[in-house]
Each structure stands twice: as structure tokens, then as C-alpha cells.
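Data first, discussion second: the structure below is written as C-alpha cells.
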Amino acid sequence: MNRTVVWFRRDLRIADHAPLYRAALRGEVIPVFVFDRALLHHPETGSARVAFMLNCLQCLDQDLRERGGRLILRFGDPVEVLPQLIRETQAEGIYAYIDFERIYGRVRDARLNRVLAEQQMKIRWFEPSGSIPDLIPYPDYRDRWFADMQADAIPVPGRVRVPEDVASEPVPTLQTLGLIPDNKLIPPGGIAAARQLLQEFLAEKVDRYYWQLSYPGAEATTGLSPYIKFGVISVRECYQTAQRLKSHDPKVQRSKQQLISRLRWGSGFAQRFRYLPQLELRSLYSIFDQDGWEFDEDLYQAWQQGQTGFPIVDAAARCLQATGGWKQLNFRVRAIYSSFLSNLLGMDWRFGALHFMRHLIDGDCPIDHYQWAMQAGVTHCVDKTWTRIYNPEQVAVDRCDPEGAFIKQWVPELANLPPEALGSPLGIKGYPDPILKYKAARQRRVQQLQQQRQNFLNQENVIPYLARLPESVIPFGAERFNSEIGWAKLPDVEMFPPSLDLEGLDMEGAIALRTWFVAHVEIKPHQPKRRSKKKASDGVIQLSLL
């Protein structure tokens with residue numbers, strides 16, 4: 001009987017899973033997950049995120065057992081483990097989804113391709129939904145994404161036959177993996193929990209999602225992001241489930257479209273990283289990093305620990321560290337928090353992305369890094385002269401936390417203040433004074449961005465201004481944390497899938513690439529208005545990212 005190894009990575013599910021389904025049709029399956037030290041001890045690894053992943057692996061094992069199979073767990077370098085598993089099981093080859101979240105993964109997969117070819121072993125790579133290997137203009141990609149989402153989902157295998165003689169390691173603990181638990185509350189793993197969250201959202205939140213998404217206290221988000229990050233539920237299933245909701249209520253329709261847009265944006269961020277893996281390590285345009293960034297360790301620590309003297313910023317900081325950002329730390333609050341570091345403190349956005357990724361339970365490198373760069377104003381700005389720099393004072397309170405519930409939950413030193421005094425409290429015992437002056441810091445950043453952008457603003461061909469992949473692909477932050485980076489020091493580092501060859505792009509390709517870094521809708525700079533408490537409670541307009 002045919003045997004196929006199915007290598008699970010960021011696709012911890014059995015539903016809508018092409019490699020598993022195709023392998024099950026062929027015969028026996030060896031479903032395997034490999035605990036890889038290079039990922040477990042990457043500087044951006046968060047122990048809470050790994051804890052959630054372990055829950056999801058247990059649920060995946062149970063789903064496979066219900067169909068007669070089980071999950072095989074191994075430890076080590078996949079480039080060594082997988083060829084050995086093929087020999088051990090006499091499998092014909094490996095089925096796996098292509099993964100391009102990180103440079104490390106692409107280097108690993110290129111090494112695996114080379115080793116398998118040398119040993120005359122086979123691997124078949126499957127294209128994830130919402131992804132494409134070719135460079136196409138963004139509007140064409142958007143059409144392709146919708147076509148992928150509307151296509152029939154891959155059926156769940158009726159039976160998964162796993163050879164009984166294949167040994168498996170037990171599910172490890174964080175301590176076994178060399179990680180330290182940080183006491184965050186971990187969401188339940190598995191597709192059943194993901195589907196329940198989605199159904200609860202559609203039943204209870206969808207009529208207010210669009211209007212209350214900026215309010216952290218409202219907890220209007222779906223809570224699905226950790227599950228989507230690990231592929232516990234497919235983006236296509238989320239899309240199709242949302243589309244099946246029938247309602248003539250314009251509020252429901254508006255919120256449903258907002259949810260679908262955010263699913264599409266997440267796929268789009270990943271596609272940008274597929275083209276340009278250097279976005280993990282560098283700003284899109286080289287001028288921003290060449291000019292250098294400011295850095296002050298004490299101010300960085302104040303920002304991390306929630307001691308900036310700006311309550312909405314400090315509440316976000318403390319919520320992130322306590323909860324991993326799940327549910328409460330929505331996009332708007334993350335944006336305010338990140339903008340403060342890069343735009344007002346003037347620090348390199350990569351220090352912020354590093355901190356986020358070490359704590360976020362839903363931390364996804366392309367989404368996290370690209371949005372950090374967007375908030376810092378160093379990407380997606382080839383055709384605009386402004387950057388949304390959030391006012392972290394009373395304007396942010398009025399807009400995002402008009403009742404002060406979020407701030408008072410996480411900054412209890414201010415619990416006795418009325419909401420209208422939470423913007424810039426001074427002289428409060430036990431709470432620091434502001435570490436910067438907002439207007440001066442904002443003006444300095446605006447002038448700096450205007451000067452830097454003159455290098456490429458409105459250029460038809462942006463290729464000469466884009467950052468190239470650096471010679472060293474050592475992850476950012478490796479010097480701050482104990483990390484496994486030997487892979488980045490190997491000679492002749494290659495990647496699979498390969499990145500775009502910027503030097504080889506013709507003008508048509510250059511114009512197509514440019515479409516990925518412009519706004520495709522008219523977005524005007526936000527003009528904050530002081531609103532009454534009554535109006536604030538009605539909700540806010542949620543501006544789109546793109």
C-alpha cells in the first residue's frame with residue numbers, strides 16, 4: 001500500500017487540508033509534526049503562543065484518532081528528521097503546504113528540497129489558498145483571493161490510516177521545550193473551539209463589529225486570530241461561514257464585509273512577504289533604515305512595561321503582557337501603542353515588532369511586521385504624504401475608551417479619575433508623568449517622514465528604492481535573547497519559495513509590484529473631533545487599513 005508523509009506546520013487541521021486529503025486517497029498516511037529548535041528558540045517566539053500550539057496539536061491528534069489515525073511527533077531539524085522518517089516508514093515521499101511566514105522556514109525548506117533530491121526522495125508542495133507564486137498586480141490578486149475563497153473546500157478524509165509501527169514522541173511541556181511559561185490565559189485549542197468562536201461572533205457580535213471594533217472594552221473581535229495563525233481553521237472556512245449568514249440588516253452586512261476584508265488583508269500581508277522576505281528584517285524603502293533610528297533603553301522599557309504616563313498606551317502595554325493580546329488588544333489599540341514607539345519616541349519599529357511577537361498569542365510575522373511598518377509610516381506610502389500618528393492623550397480615550405473601562409482595568413492607579421481626565425493625568429501618586437511632549441514629538445516625526453519620502457514619493461518605478469535582502473539573515477533581536485541562529489550562518493543560503501528577483505524585474509513587473517504598496521481606496525487623514533460622552537457610546541467609524 002502507498003505511504004505518504006504529511007508534514008504539518010501552520011495547518012493544524014484536517015478540514016480543508018489538501019495534502020492530508022490527497023495522501024489519504026493514496027493509501028496510508030504518516031501525519032507528522034516536528035518540534036524544531038530553530039523556531040522554538042527564535043528571538044520572536046512567545047511561550048504563550050507555543051502553549052496554544054501544543055493545545056492545538058493535542059486536538060489535531062484527537063481529530064485524527066476519530067478517523068482511525070494519530071499524529072506522529074518528532075524532535076529535531078526537519079532536514080534530518082523527515083528523510084529519516086521516509087526511510088523508516090518506506091514512504092514514497094512527503095506532502096506539505098508551502099510556508100513563507102519566516103525567512104528561517106524558507107531556508108529550511110530549500111535545504112530540505114536539496115537533501116531530498118540528493119537522496120532521490122520526493123516532496124510535493126501544495127499551494128495554500130489565497131496565495132500565488134507569480135507576481136501579479138494587487139487588484140488581480142484580490143480577484144484571485146475571492147475566487148479561492150469561493151471554491152469548494154477540500155473534504156475531510158473519511159479515514160486516515162496510519163501504520164501502527166511508527167513511533168511517536170509524547171506531547172511535550174513548555175519546560176521540556178526549554179521555554180518558560182509566562183502565566184497568560186491560553187485559549188482552548190482545536191477547530192471545535194474556533195468554530196464555536198465564529199458562530200458566537202455571527203450570533204452575538206456581527207451587528208456591532210464594524211462600529212465597536214475600536215473599543216477594546218467591547219471585545220467585539222472574533223477571537224479567531226490565534227486559530228488562523230496556526231491554520232487550525234482555514235481562512236476559506238471562515239469566509240464561507242460568514243457568507244452563509246443571511247441578513248438584510250445593513251449593520252450586519254457592513255460588519256460581515258469588514259470581517260471578510262480583514263481576512264483578505266491578512267492573506268495579502270503574507271503574499272507581500274512571499275514576494276519580499278526582507279520585510280521581516282528591513283523597512284520596505286532603504287532610506288528609512290539608512291537614516292537610522294533613535295533608541296533609548298530606558299524609554300523602551302517604559303513603553304514595554306506600561307510606564308509612559310499616557311494611560312491608553314500603558315493600558316495596551318499591560319494588557320499585552322498579561323493576556324497575549326487575545327480579544328481585548330484589538331487593531332486600533334495595537335495601532336496606538338505601536339505608533340507611540342515609532343512615531344513619537346522615534347524608535348525602530350523592529351524593536352516593537354520583536355516585543356509584540358514575544359507576547360502575542362496570535363503573533364503572525366507578516367501581519368505583525370507589516371502593520372508595525374505601516375504604523376511607523378515606512379511602508380505602503382509611495383503615493384501619500386501623510387501618516388496617521390495617533391494622539392495618545394484625551395483624543396484616544398474619547399475615541400477608543402470613552403467610558404475609561406479598558407484603562408481603569410489595566411491602569412488601576414487611575415481608577416478614581418473620570419473618563420474626561422484620563423487623557424493626560426498629572427501628579428497622580430504611583431503613576432509616572434508623560435515621558436514626552438506629544439505635539440513636539442509629532443511635529444518632529446512628520447518633518448522627518450516628509451524629508452525621507454521625497455526620495456521615492458510618486459515614483460512609477462520604486463525598485464531602486466526598495467531594500468534588498470541583507471547578506472546576513474540572522475533574525476532581528478538575536479543579540480537580546482538566547483536564540484538558535486546557526487542556520488543563518490550556513491554558506492550559500494537559499495530560500496524556498498524564492499523571493500522576487502528585484503534586479504531582474506522589467507518595467508511591467510516593477511509597475512505590478514508597486515500596486516502592492518499604494519492605497520486602492522481614497523483614505524483621508526483622520527481629523528479627530530472631541531465628542532460628547534453620548535455620541536462616543538454610539539460607536540466609531542472603523543477606518544480600513546488599505
Side-chain angles (χ1 to χ4, degrees), residues 1-35 52-75 78 81-82 84-86 88-99 122-129 148-149 151-172 187-199 224 226-241 244:
M1 180 178 289
N2 294 326
R3 286 184 174 181
T4 310
V5 173
V6 176
W7 183 20
F8 285 90
R9 288 105 71 80
R10 297 201 322 136
D11 51 341
L12 306 183
R13 64 182 186 274
I14 65 172
D16 201 16
H17 194 290
L20 178 64
Y21 179 71
R22 298 298 177 191
L25 287 180
R26 295 186 73 249
E28 291 185 324
V29 183
I30 298 96
V32 63
F33 183 88
V34 182
F35 290 97
F52 174 72
M53 181 189 76
L54 294 176
N55 288 349
C56 293
L57 288 172
Q58 291 175 318
C59 292
L60 174 60
D61 178 63
Q62 182 60 38
D63 289 342
L64 288 168
R65 288 181 184 275
E66 290 176 359
R67 284 154 184 81
R70 58 197 170 96
L71 182 63
I72 308 299
L73 301 179
R74 296 291 170 93
F75 293 80
V81 171
L82 293 173
Q84 174 59 35
L85 185 61
I86 290 177
E88 172 191 331
T89 61
Q90 297 184 334
E92 293 185 88
I94 302 170
Y95 283 2
Y97 274 119
I98 295 172
D99 182 21
K122 299 177 181 179
I123 186 166
R124 178 183 174 185
W125 296 106
F126 288 73
E127 194 71 46
S129 298
D148 279 359
M149 295 304 109
D152 291 341
I154 306 298
V156 176
R159 182 170 174 78
V160 180
R161 292 166 292 195
V162 179
E164 294 182 0
D165 58 346
V166 182
S168 175
E169 301 288 344
V171 177
I191 196 167
R195 286 171 172 167
Q196 181 178 348
L197 280 171
L198 182 54
Q199 291 300 330
L224 286 170
Y227 301 88
I228 293 174
K229 183 268 185 300
F230 283 108
V232 175
I233 187 170
S234 72
V235 174
R236 175 158 52 200
E237 180 173 340
C238 294
Y239 171 90
Q240 294 186 358
T241 302
R244 286 195 292 270

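- Note that the CG atom of Asp99 and the CG atom of Asp11 stand 8.0 Å from one another [nearest 0.5 Å].
- Taking 4.5 Å as the limit, some side-chain heavy atom of Ile98 sits within range of a side-chain heavy atom of Glu127.
- Listed by first and then second residue, the side chain to side chain donor-acceptor pair (under 3.5 Å) pairs involving residues 57-72 are Asp61-Arg65 (not counting sequence neighbours).
- Scanning both residues, Val160 and Pro31, for their nearest heavy atoms gives CG1-CG, 4.5 Å.
- Ring planes of Trp125 and Trp7: tilted class, angle from 30 to 60°.
- Contact check for Leu198 versus Leu224: side-chain heavy atoms found under the 4.5 Å cut-off.
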I'd like to know whether Arg13 forms a side chain to side chain contact (heavy atoms under 4.5 Å, CB included) with Leu60, so could you lay out the CA-CA distance, the side-chain angles of the two residues, the decisive distance to 0.1 Å, and finally the verdict. CA-CA 6 Å; Arg13 64 182 186 274; Leu60 174 60; 5.6 Å; no
Check against side chain to side chain contact (heavy atoms under 4.5 Å, CB included), Leu57 and Asn55: CA-CA 5 Å; Leu57 288 172; Asn55 288 349; over 6 Å; no
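- At least one test fails for Arg10 against the ring of Phe230: distance under 6.0 Å to the centre or angle within 45° of the axis.
- Annotation: Phe35 is in aromatic contact with Phe75 [ring centroid separation under 6.0 Å].
- Contact record, Cys59 with Gly190: CB-CA, 3.5 Å, taken as the closest heavy-atom pair.
- The salt bridge (charged side-chain N to carboxylate O under 4.0 Å, His left out) analysis of residues 151-166, with sequence neighbours excluded, yields no pairs.
- Across all non-hydrogen atoms, the minimal contact from Thr89 to Leu85 is OG1-O, 2.7 Å.
- Atoms CD1 and CD1, from Ile154 and Ile14 in turn, are 13.5 Å apart once rounded to the nearest 0.5 Å.
- Of the possible polar contacts, none joining the Thr4 side chain to the Val29 backbone as a donor-acceptor pair under 3.5 Å is found.
- One distance of note links CG of Asp148 with OG of Ser234; it measures 11.0 Å at 0.5 Å rounding.
- Not counting sequence neighbours, the partners of Tyr239 by the ring-ring contact (aromatic ring centres under 6.0 Å, His included) test are Trp145.
- In terms of heavy atoms, Leu73 sits closest to Ser168 at N-OG, 2.9 Å.
- Taking the side chain as every heavy atom from C-beta outward, Ile191 and Glu237 approach each other to under 4.5 Å.
- A ring-centre distance under 6.0 Å is found for Phe52 and Tyr227.
- For the atom pair Ile30 CD1 and Leu71 CG, the distance stands at 12.5 Å (nearest 0.5 Å).
- Shown here for Ile72 and Ala167, the closest heavy-atom pair between the two residues is CG2-O, 3.3 Å.
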Would you check, one step at a time, whether the test side chain to side chain contact (heavy atoms under 4.5 Å, CB included) holds for Val162 with Leu64? CA-CA 9 Å; Val162 179; Leu64 288 168; over 6 Å; no
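- For residues 16-29, every residue pair satisfying the salt bridge (charged side-chain N to carboxylate O under 4.0 Å, His left out) rule, not counting sequence neighbours, is listed here: Arg3-Glu28, Asp16-Arg236, Arg26-Glu92.
- Scored by the side chain to side chain contact (heavy atoms under 4.5 Å, CB included) test, Gln199 finds Thr241 as partners (sequence neighbours excluded).
- The minimum heavy-atom distance between Ala24 and Pro157, with the atom names listed, is CB-CB, 3.9 Å.
- Taken from NZ in Lys229 to CE in Met53, the straight-line distance is 9.5 Å, to the nearest 0.5 Å.
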Walk me through it: do Ser129 and Val235 pass the test side chain to side chain contact (heavy atoms under 4.5 Å, CB included)? CA-CA 8 Å; Ser129 298; Val235 174; over 6 Å; no
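- Residues forming a salt bridge (Lys or Arg N to Asp or Glu O under 4.0 Å) with Glu169 (at least two apart in sequence, or on another chain): none.
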